[in-house]
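For reference, the structure discussed in these notes is given below.
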2 protein chains.
Amino acid sequence: MRERARAQMRTEILDAAREQLAEQGAGGLSLRAVAREVGLVSSAVYRYFDSRDALLTALIVDAYDALGRTVEAAEAQVPRADLLGRWRATAWAVRSWALEQPHLYALVYGSPVPGYAAPQDTIGPATRVTRLLVALLHDILDAGPPQVADVPVTGPAAEGLAPLVEFMGPDVPPDWALRGLMAWTYVFGAVSLELFGQRVGAVVPELRGEVYRWETDRVAAWLGLV
Amino acid sequence: MRERARAQMRTEILDAAREQLAEQGAGGLSLRAVAREVGLVSSAVYRYFDSRDALLTALIVDAYDALGRTVEAAEAQVPRADLLGRWRATAWAVRSWALEQPHLYALVYGSPVPGYAAPQDTIGPATRVTRLLVALLHDILDAGPPQVADVPVTGPAAEGLAPLVEFMGPDVPPDWALRGLMAWTYVFGAVSLELFGQRVGAVVPELRGEVYRWETDRVAAWLGLV
DNA sequence: GCGCTGTCAAGAGCACTGCTCTCGTCGTGG
DNA sequence: CCACGACGAGAGCAGTGCTCTTGACAGCGC
């Protein structure tokens, strides 16, 4: 009954917050302002979110979810056997979503607010895109591991990758965990740096998409894709 | 005369700001609090910095400077002919500095405060590390461009890289501008993602340095270094 | 149908922020 | 020596996150 009203109010607040986030960014998100937006007084918002941080956390969670959903949808449209196509679709979808929702992306992948320890809630949805890449890597390996000239990773670094190996499945050699980590790092690193203005003088803004295509294709080649 | 006093006061404020930044991060940096710290009333600080943003900008500028100085020093200790060593020193110094000064690093390479347009002041010092990599790339090319299996970049992407090519020197082929961009992207991407907590479940914290060594060595190999 | 209980929104209030304005003071250059 | 300009202090404004108290309303058991 009033569960419904409550849930609706909650999403109404979140929508208003998302809107304000898009205009002024995480730092400028004012709980009082979103309260005004939805026609509430500031103290009433605390019935729905314990604090401003809690509101931000909720936004983060569903930003992860939205990104994951979008990328999954894009990747799913490519035939399973087209490994390069799946990689391209994934990489491109990440960047596209980030450019459409820059503030949400920044909220998730940007510098965390210090003193803000990511709650457990956020680590689950965070792995959705990761899972896609893991699946892709599995399929690459199953299709016969490509020739790679590098010396396989051993020693402490291999131990350091243990959690990742376990996540990917114990049959994955540490060397390919490293490759997966690096591919993942490249995609999100490139998107983040572009979005955060670190390529200002270096790449023509309108052509950054084209350059990104080449970058990710080089990574693909390095992964042994086609 | 009182120039001295003014300059000293200015650096005193900056030091206090840096200190507070280290404790509470950019978002929590309070002009009034740094004023208290240096024994001033808040309005007096405005004699030295037009606004909180101006203070942050000053911090950014000398963060760029500090990072550049540190990395340059580390790289300079390696014999010029040891190209791989220079790459390793550079990559490692960036990460080390970032881990020592996480808040300063985040200020510079993290998500920018929206509405905060990086003033011209910041783009000069920003290129110091970049210059190191450019010089290294030149030396790699001079030593005889390594074999690379990739198809050279052409088309719109090559045009997109034009500003970077110009910065590196027109004799540099666009293909190597792309390689340089990607190496740069990898280093700062990896450091940023690690620092911003995106590797939490993936890599054992104490061994992240070891893993980073492998990552950057893979990039080096990809660049044709040894 | 009535009253009770728990949920909700409102409002006042506290301590804090960035920033502006005014007003004394004091050192320095003419 | 004196006037001017830089400087610091203080008050004040509008805004913030968050807490606490007060009043209204809905849903429940009797």
Side-chain angles (χ1 to χ4, degrees), chain A residues 1-60 103 107 112-119, chain B residues 1-60 103 107 112-119:
Chain A
M1 273 307 178
R2 281 301 167 262
E3 300 277 336
R4 288 270 290 268
R6 180 171 179 86
Q8 183 179 341
M9 194 74 226
R10 207 187 118 98
T11 69
E12 222 170 297
I13 293 174
L14 279 177
D15 288 347
R18 216 166 356 236
E19 196 174 329
Q20 233 201 29
L21 191 76
E23 291 167 7
Q24 324 190 4
L29 199 166
S30 155
L31 209 139
R32 290 175 111 109
V34 321
R36 279 192 295 272
E37 186 85 12
V38 300
L40 281 184
V41 81
S42 74
S43 62
V45 178
Y46 286 87
R47 300 264 171 203
Y48 299 88
F49 297 95
D50 284 347
S51 67
R52 183 177 176 277
D53 268 12
L55 215 184
L56 280 178
T57 301
L59 286 177
I60 290 179
H103 293 98
L107 195 60
V113 181
Y116 171 85
Chain B
M1 271 310 180
R2 282 301 168 263
E3 301 276 336
R4 289 271 289 267
R6 181 171 178 84
Q8 183 178 342
M9 194 73 225
R10 207 187 117 97
T11 68
E12 222 170 295
I13 293 174
L14 279 176
D15 288 348
R18 218 166 354 237
E19 196 172 329
Q20 233 201 30
L21 191 77
E23 291 166 6
Q24 324 189 5
L29 200 166
S30 154
L31 209 139
R32 289 175 111 111
V34 322
R36 280 192 295 271
E37 185 85 11
V38 300
L40 281 183
V41 81
S42 75
S43 62
V45 177
Y46 286 85
R47 301 267 174 204
Y48 299 88
F49 297 95
D50 285 346
S51 67
R52 183 178 177 277
D53 268 12
L55 215 184
L56 281 177
T57 301
L59 287 176
I60 290 179
H103 293 98
L107 195 61
V113 181
Y116 171 85

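In what follows, every chain begins at residue 1, and chains take the letters A, B, ... in the order their sequences are listed.
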Protein-nucleotide distance (B:Leu56, atom CG; C:dG18, atom C1'), rounded to Å: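 Rounded to the whole Å, the gap is 12 Å.
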What is the distance, rounded to the nearest whole Å, between atom CE of A:Met9 and atom C1' of C:dC8? 11 Å
For [X], which residues count as a side chain to side chain contact (heavy atoms under 4.5 Å, CB included) partner, sequence neighbours excluded?
| X | answer |
| --- | --- |
| B:Ala7 | none |
| A:Arg32 | A:Ser30, A:Arg36, A:Ser42 |
| B:Ser51 | B:Asp53, B:Ala54 |

To the nearest 0.5 Å, what is the distance between CG (A:Leu55) and OH (A:Tyr48)? 12.5 Å
What's the spacing between A:Met9 CE and A:Arg47 CZ if we round to 0.5 Å?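 A:Met9 CE to A:Arg47 CZ: 13.0 Å, rounded to 0.5 Å.
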If I compare all heavy atoms of B:Leu31 with all of B:Tyr46, which pair ends up nearest, and what's the gap? CD2-CE1, 3.7 Å
If every non-hydrogen atom of A:Ala22 is compared with every non-hydrogen atom of A:His103, which pair is closest and at what distance?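 In this case the closest contact between A:Ala22 and A:His103 is O-CE1, 3.0 Å.
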When all nucleic acid strands are considered with a 4.0 Å heavy-atom cut-off, which category describes A:Phe49: base, sugar-phosphate, or nothing?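 Touches nothing.
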Could you work out, with salt bridge (charged side-chain N to carboxylate O under 4.0 Å, His left out) as the rule, every residue matching B:Arg18, not counting sequence neighbours? B:Asp15, B:Asp62
Nucleotides 10-22 of chain D: protein proximity per nucleotide (B base, S sugar-phosphate only, - neither; heavy atom, under 4.0 Å): B-B---BBBBB--
Intra- and interstrand pairs of DNA chain D - dot-bracket, Watson-Crick/G-U under 3.5 Å, | marks other strand: ||||||||||||||||||||||||||||||
Check this one for me: any side-chain N or O of B:Arg6 less than 4.0 Å away from OP1 or OP2 of D:dA6? no
